Amino acid sequence: MLRFKSLGSGSTGNATLVEAAGLWPTRLLVDCGLGIRQLSIRLAEAGLIEADIDGIFITHEHSDHIGCALKFALRHRIPVWMSRGTLEGIGRPDFDGLLHIARDGQGVDLGNLQFTPFTVPHDAREPLQLTCTDGASKLGLLTDLGHATSHLLAHLANCQALLLECNHDADLLNQSSYPPFLKRRVAGMYGHLSNAAAGEIARSVKHGGLKQLVAAHLSQQNNRPELARQAMLDALGSSTDIEVADAGAGTRWLAV
Ligand SMILES: [Zn+2]
Ligand SMILES: [Zn+2]
């Protein structure tokens with residue numbers, strides 16, 4: 001059995017737990033965009049301690065994803081995966097032998113879990129998002145991208161659950177107090193997904209087995225949970241359970 005839980009989602013910090021059940025469950029922490037104390041608190045709320053984490057995957061170098069990754073990994077001797085570009089982006093710190101380079105399309109076996117990174121268009125050096133599987137079910141994680149590519153849609157085929165960025169509502173972003181350059185950045189090809197763009201992705205990867213969707217990485221200024229939820233409902237209908245990840249609290253544990 002595979003399950004996952006967002007520990008927080010949005011520009012203030014992202015971290016998601018993915019767990020493959022077993023005699024010894026395997027747990028991957030995707031992104032580490034919190035302070036080390038806050039991460040500890042949220043792990044405890046998830047019923048875990050630091051030693052329960054078997055691996056850390058960092059999607060890209062933006063501070064809302066990298067957070068305390070280096071400190072956390074070194075302190076608890078947890079292996080870390082990231083792209084070479086992301087490593088460059090954080091100034092090549094010394095991970096003391098814990099670092100593994102992640103590459104587009106190259107699956108990684110971690111205990112009962114396999115994860116496969118794939119390239120996405122975002123304004124970072126070499127951003128990767130990923131799918132996770134325990135061999136029976138498949139979870140897709142997709143945040144921080146400006147637009148869909150056929151490459152990423154192929155990777156997201158046949159997921160039973162999807163955590164998908166619904167960053168902004170295009171009208172709210174237009175009307176917001178953001179300076180023009182920032183509006184262009186967010187809405188651009190290498191920025192973030194609007195609810196409508198996320199809806200199109202959801203529509204194109206939709207299949208009868210897609211049971212769970214989490215709308216994630218919502219902008220606090222330029223989106224509303226009910227708008228993201230409606231966009232996903234329009235795309236997927238009522239046969240998929242739709243949750244919206246809270247910026248601070250994330251989500252409850254969700255089965256894939
Ligand atoms: Zn982000
Ligand atoms: Zn980013």
Side-chain angles (χ1 to χ4, degrees), residues 4-18 28-35 38-39 42 56-70 72 80-91 102 104 117-131 139-149 151-152 155-156 162-170 172-173 176 178-179 181-195 197-198 201 213-225 228 244-251:
F4 68 111
K5 182 187 196 311
S6 166
L7 300 180
S9 183
S11 54
T12 52
N14 297 275
T16 306
L17 286 167
V18 182
L28 177 70
L29 180 65
V30 178
D31 287 327
C32 212
L34 301 166
Q38 198 49 234
L39 179 60
R42 295 190 201 181
I56 301 168
F57 181 88
I58 301 296
T59 59
H60 64 298
E61 67 270 27
H62 291 161
S63 59
D64 56 320
H65 298 264
I66 197 91
C68 68
L70 178 63
F72 184 66
V80 182
W81 282 262
M82 66 178 68
S83 71
R84 204 170 284 287
T86 299
L87 182 65
E88 296 285 343
I90 60 171
D104 172 68
F118 56 89
T119 300
V120 296
H122 186 53
D123 55 0
R125 297 265 186 118
E126 190 187 349
L128 295 170
Q129 296 290 325
L130 70 162
T131 59
L139 163 70
L141 298 148
L142 184 67
T143 68
D144 296 75
L145 72 160
H147 64 281
T149 61
H151 179 66
L152 70 86
H155 272 278
L156 293 175
L162 190 58
L163 181 138
L164 176 62
E165 166 164 68
C166 292
N167 179 259
H168 58 276
D169 173 82
L172 288 180
L173 178 64
S176 81
Y178 277 25
F181 82 89
L182 192 53
K183 288 184 186 178
R184 277 196 300 274
R185 194 225 131 199
V186 171
M189 294 286 273
Y190 296 89
H192 291 276
L193 290 181
S194 67
N195 292 338
I201 291 176
L213 184 130
V214 173
H217 213 298
L218 270 71
S219 164
Q220 275 174 305
Q221 273 206 41
N222 304 320
N223 210 352
R224 309 257 180 282
V244 180
D246 183 76
T251 61

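For ligands, and for the atoms within them, numbers begin at 1 and follow the listed sequence. Being a predicted model, the structure only gives us computed values, none of them experimental.
A 4.5 Å side-chain heavy-atom check between Ser9 and Thr251 finds every atom pair outside the cut-off. Annotation: side chain of Asn195 is in contact with side chain of Asn223 (closest heavy-atom distance under 4.5 Å).
For the Zn ion (ligand 2), the nearest N, O or S atom contributed by His60 is named NE2. The Zn ion (ligand 2) lies closest to atom ND1 when only the N/O/S atoms of His62 are considered. When distances from the Zn ion (ligand 1) to the N, O or S atoms of Asp144 are compared, OD2 comes out shortest.
The Zn ion (ligand 1) has an N, O or S atom of His217 closer than 2.8 Å. Between the Zn ion (ligand 2) and His122 there is an N/O/S contact shorter than 2.8 Å.
Here the closest heavy-atom approach between residue Gln221 and residue Arg224 is recorded as O-NH1, 4.1 Å.
Taking a 6.0 Å sphere around OH of Tyr178, one finds it holds more than 12 heavy atoms contributed by other residues, nucleotides or ligands.
Angle NE2 (His65) to the Zn ion (ligand 1) to OD2 (Asp64): 90°, rounded to 10°.
Ring pair His60/His65 is tilted by interplanar angle, where 30° to 60° counts as tilted.
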